[in-house]
Novice: 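Take this structure first; my questions come after.
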Amino acid sequence: MPAVLEIEGLRKTYRSRRRGTRNALDGFDMRVEAGQVHGFLGPNGSGKTTTLRTLLGLIRPDGGRMTILGHEVPAALPQIAGHVGAIVESPQFFPHFTARDTLTLLASAGEVPVQRVDEVLELVGLRDRAGERVKTYSLGMKQRLAVASALLKNPKLLILDEPANGLDPGGIREMRTLVRNLAESGMTVVLSSHILGEIQLICDSVTIISLGRRVAFGPVDEVLAQHSSGSVRVRLEAVTDLPVAAAVLQKSGHRVSANPDHLMLTGVDKPATVTRLLAEQGLYVSELAPVAVDLESVFLELTNTAPVPGQHRQVDQSVRVDGADSSAPTGGGWGA
Amino acid sequence: MSLFRTELRRLAKRRFTRWMTAGGLLVLALIVVGLFFTNQKIGPDQWAEAKRSADQQHQEQMQWAEQERANCERAKAAGENVDYYPPDCAEITGPPREAIEEKWFLPSTFVFRESFEEMLIPLAGILAMVGFVVGASFVGAEWNTGGMMNLLLWRPKRLTVLLTKLGALLAGLLALAVPATAAWFGSLWLVANWRGTTEGVTSGAWQSFLLTGLRGVVLVLVAATVGFALASLGRHTAMALGGAVAVLIVGQVGLAILLSMAQVRFAQAWLLPTYAYSWMRKTVTLEDWRSCEATYTGECKPAILELTWQHSSVLFTVGVVLFLGAALWTMRRRDVA
């Protein structure tokens, strides 16, 4: 499948006398194929927004190569801007203009037919509130307006940075349906979000960024499979047999953690071996369930941002689950 | 072209633009109303009234002189030593009637030929202030609210966007300044017609008025460009407004006090309003009263420094090039974060 968006070795360094040198992007790579809904994930300050801004010509990169729709950017941005719709970070609009004024002015600047304004207002559910000033809008309504502004051009590539931010549950579901519909109509969508459940539901593929570098990428299923730890939950008919069972399994080389009513085994290739081992010792399994890994746990593992009891993780700081600090001295994030 | 039209529409739609324009026009209208009510047409009635007033003042002066002469004679007779009276009390006389001119007592009248050129200065000043503030806000608010970033996502050519915005601003101001100047001509002509005189306006005078009006319009455009450039540099309206306040209050008032204390010659030559004034009046003559330049008659005249509109045009050009150049450079180089 052809790539709609390609980034290779993207670098962005911020230099400050007071704060020193920080690599917001440290050789970042990304590839998004046509017609996909692609999730772009990363903790706060990991370089997501810097990547999107650099891609859209708002920030000058210090190195690397980027293409959109086969054209090198930022050089070719004026030619392809009409095919790229984007919202970057929180939606910001002139507060005293109405939504319709805002979109009409954008449409006029971009030489988009004015009837498209009504179409996108209908699409994002703002038709009846289009005549009100933006300053009276809630965050969710501003978010809808931002999405409408990105859709105005009927773009081939749609980049949405946190589009569900501030939306109510109904709005989130509508946004999900909208994104899926757009993808089905042939639009490629890059979706940056922290709502990982949503990403897992609607994205075909993902890229995870941490400290300015790509730490995982590919179809969602593959990323999940790659980071599945082969965990299995084991319950026995008699809870009192759990210590004996744990000893048997450890003796056979399994990694076991004991819980009051069950055992957790990790690194199990073939769950059937567990059943056989225990049955040979007269211990009968009542439940043997593989533990499914989700995107959130993969994300937390890869970015080392899992909360640790008693610690307050700072932005720019990655913390391993075992408590070891792993933030690099020139770690990314500042200014991202 | 679509971007230019869009920016013109955006400028016209902005509430701040509308309020500032309305405010500026209101002040101009109030000046016209003030002129209308404080001036009168001079006719036989006004001359008769002036004559009556001159006669009355002459009478008062004569009575006062009479009284003073009597006081003088009384004091001399009493042998009082009063040095504020002349040696001969007969020298105290009232003024001759012709010394009190009747025209002094005429009410104020608006003589178009004499007053109009001077009246173009407040017009240019008010429109320049409107231009500066609207120019600063037009781009400053765009940066501040994220509108500029949105626009750059649609039109990624930064310099084109900034220059088109400036072009729209100047076109909008021109659309305001030219009719406002024409209306100013018209309304003051009417004031002169009803409350003064329009006599003596030769074609040369008209030409001079038109050129002064043209210079006023240029002043408005320069002020708007500088406001726009300053706000663009700081990416906030406050940068331009703060800069203007700093320059006017600290830079100008403070500098004026400092220069005065240091007894600098022609201190006004260091102050910006002097150049705006010389731009409008074509020339301003500064005098140094502490110096003496003797004439062949032995008279002592102060040294003078003449500032012309050409001096002002150099200053304005340098200012525009400097500020706009810096704004364009930062627009091109700085990240939009």
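Scope of the values below: all heavy atoms of this structure, side chains included, with no hydrogens, waters or symmetry mates. A, B, ... follow the sequence lines: proteins, then strands. Residue 1 opens every chain.
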Novice: How about A:Arg214: does its CZ atom have over 12 heavy atoms from other parts shown lying under 6.0 Å from it?
Specialist: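 More than 12 within 6.0 Å, yes.
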
Novice: Is B:Arg10 close to chain A through its backbone or its side chain, or both, or neither, when contacts mean heavy atoms under 4.5 Å?
Specialist: both

Novice: Of the listed residues (B:Glu7, B:Arg334, B:Lys13), which shares the most heavy-atom pairs with chain A below a 4.5 Å separation?
Specialist: B:Lys13

Novice: For each of A:Asp101, A:Leu106, A:Leu56, tally heavy-atom pairs with chain B at distances under 4.5 Å, and name the one with the top tally.
Specialist: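 That would be A:Leu106.
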
Novice: For the CZ atom of B:Phe4 and the OG atom of A:Ser108, what is their distance to the nearest 0.5 Å?
Specialist: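 Here the rounded value is 12.0 Å.
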
Novice: Quick one: do A:Lys12 and B:Asp335 make a salt bridge, cutoff under 4.0 Å?
Specialist: yes

Novice: Above 12 or not: heavy atoms from other molecules or residues under 6.0 Å from CH2 of B:Trp270?
Specialist: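 12 or below, so no.
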
Novice: Distance check, rounded to the nearest 0.5 Å: B:Arg15 atom CZ versus A:Phe97 atom CZ?
Specialist: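 Spacing of CZ (B:Arg15) from CZ (A:Phe97) equals 10.5 Å.
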
Novice: More than 12 non-hydrogen atoms from neighbouring residues, nucleotides or ligands closer than 6.0 Å to CZ on B:Arg332, yes or no?
Specialist: no

Novice: Would A:His96 and B:Phe16 count as a side chain to side chain contact (heavy atoms under 4.5 Å, CB included) here? Give the steps.
Specialist: CA-CA 10 Å; A:His96 296 294; B:Phe16 188 78; over 6 Å; no

Novice: Does anything in residues 68-85 of chain A reach chain B? List residues with heavy atoms under 4.5 Å apart, or say none.
Specialist: A:Leu77, A:Pro78, A:Ala81

Novice: May I ask you to name which of B:Asn150, B:Leu151, B:Leu152, B:Asn144 has the most heavy-atom pairs under 4.5 Å with chain A?
Specialist: B:Asn150

Novice: List the atom of A:Val88, the atom of B:Met149, and the distance in Å for their closest heavy-atom pair.
Specialist: O-CE, 3.8 Å

Novice: Quick one: which residues of residues 157-185 of chain B reach chain A at under 4.5 angstrom, heavy atoms only?
Specialist: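 Heavy-atom contacts from residues 157-185 of chain B to chain A are B:Lys157, B:Arg158.
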
Novice: Which atom names give the shortest non-hydrogen contact between B:Val336 and A:Arg53, and what distance separates them?
Specialist: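 That closest heavy-atom pairing would be O-NH1, 2.9 Å.
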
Novice: Starting at CD of A:Glu111, measure out to CZ of B:Arg155 and round the result to the nearest 0.5 Å.
Specialist: 5.0 Å

Novice: Passes side chain to side chain contact (heavy atoms under 4.5 Å, CB included), B:Thr145 versus A:Phe93? Steps please.
Specialist: CA-CA 6 Å; B:Thr145 60; A:Phe93 297 102; over 6 Å; no

Novice: By a 4.5 Å heavy-atom criterion (distance strictly below it), what part of A:Thr102 contacts chain B: side chain, backbone, both, or neither?
Specialist: neither

